[in-house]
Every structure is written in structure tokens, then in C-alpha cells.
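Below is one structure, written out as C-alpha cells; comments come after it.
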Amino acid sequence: MAVKIKLKRLGKIRSPHYRIVVADSRTRRDGRAIEEIGKYQPTYHPSVMEVDADRVAYWLGVGAQPTEPVLAILKKTGDWQKFKGEPAPAPLLVAEPKKARPVFEALGGDDSGKGEAITQKKKAEKKDEAAAESSESTEA
């Protein structure tokens with residue numbers, strides 16, 4: 001029986017998520033797996049690649065063959081180089097934590113209102129202008 005390390009697709013139509021699984025080479029892509037040894041989420045920035053290094057080393061050691069996409073993932077995580085005895089690659093890019101939004105008070109904002117709204121002020125100006133025009137027309 002030939003054993004492969006391959007990707008099992010999960011997720012919605014345009015939102016794929018994959019599990020890295022060990023399965024018989026004759027099973028279909030999303031079929032029954034012997035063991036799940038990691039996950040891959042390509043839609044995140046940067047992509048999420050989590051692999052159980054001990055289990056990968058075991059399955060490669062007993063003769064499991066990785067598919068091309070899984071081989072690329074194993075090379076990026078460094079598990080393939082560890083298995084072959086080559087030097088490790090550069091560390092993976094890790095997403096920076098999102099910065100918290102500044103608090104209103106920290107920006108110098110105060111809670112006390114100024115007492116007038118912009119719209120009320122404009123209405124008051126129009127009434128003053130109308131009153132001034134009417135007084136000019138009555139004077140003439």
C-alpha cells in the first residue's frame with residue numbers, strides 16, 4: 001500500500017482551508033485519512049502553515065511520499081530539510097499583531113459639549129439675515 005502525505009480541502013467555495021493528512025494514495029482528495037498532521041490556510045496574510053514536525057518525520061521515515069504542494073509546504077517549514085539533513089531555511093514570516101485603536105481621551109478629546117450644533121447655528125444665521133433684510137425694506 002502506497003502512503004501519501006497530501007492536502008485535504010475544507011472550507012467554502014472561495015475560502016479554501018487545507019488539512020495536511022497521511023492517506024492511502026488510492027483514496028480521493030477529501031476521503032478518509034490515516035492521520036491529520038497539520039493545516040494550511042492560504043487565504044490568510046501571511047499564509048498559516050502549521051505542521052506537527054514529529055509526525056512528519058515519522059511518516060517520511062517509514063516511506064510516505066509527499067505530494068508537490070505538501071513538499072513545498074514542508075520545505076518552507078524546514079521539515080523537509082531536517083529529514084534530508086540539509087541546512088534549515090530562513091524563518092517563516094509571522095503576522096504582526098494588530099495595533100489597538102487610539103482611545104478618544106488619549107487624543108485630547110473631551111466629553112463636554114460646546115453647547116451648539118452646527119445645523120442650529122446655520123438656521124440662526126439665516127433668520128438673522130432675513131430679519132435684517134425685512135428691517136431694511138421697512139425703513140425704505
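The basis for the numbers below is simple: all heavy atoms, side chains too, and nothing from hydrogens, waters or symmetry mates. A quick note: this is a predicted structure, and the numbers were derived from the prediction, not measured.
Within 6.0 Å of the CZ atom in Arg19, the count of heavy atoms belonging to other residues, nucleotides or ligands does not exceed 12. For CZ of Arg28, the number of neighbouring non-hydrogen atoms (other residues, nucleotides, ligands) closer than 6.0 Å is 12 at most.
Listed here is the closest heavy atom pair of Lys4 and Ser25: CG-CB, 3.6 Å. For the residue pair His17 and Thr43, the shortest heavy atom distance occurs at CE1-OG1, 4.1 Å. Nearest heavy-atom pair, Ala33 versus Ala23, reported as atom, atom and distance to 0.1 Å: CA-CB, 4.1 Å. Closest heavy-atom contact between Gly61 and Phe83: N-CE1, 3.8 Å. Taking all atoms of both residues into account, the shortest heavy-atom contact from Arg9 to Pro16 is NH2-CB, 3.5 Å.
Remark: the backbone N or O of Gly11 is not paired with any side-chain donor or acceptor of Ser15 at under 3.5 angstrom.
Side-chain contact between Glu36 and Asp52 is absent, with no heavy-atom pair separated by less than 4.5 Å. A heavy-atom distance below 4.5 Å is not found between the side chains of Ile20 and Leu74. Residues Val62 and Val3 are not in side-chain contact: their nearest non-hydrogen atoms beyond the backbone lie 4.5 Å or more apart.
We find the CD1-CD distance between Ile5 and Glu35 to be 9.5 Å, quoted to the nearest 0.5 Å. A distance of 14.0 Å separates OH in Tyr44 from CE in Met49, rounded to the nearest 0.5 Å. The distance from the CG atom of Asp79 to the CG atom of Leu71 is 11.5 Å, given to the nearest 0.5 Å.
Trp80 and Val21 are members of different hydrophobic clusters when ILVMFWY side chains are connected at heavy-atom separations under 4.5 Å.
With no hydrogens or angles considered, a side-chain donor-acceptor pair links Lys6 and Thr27 at under 3.5 Å.
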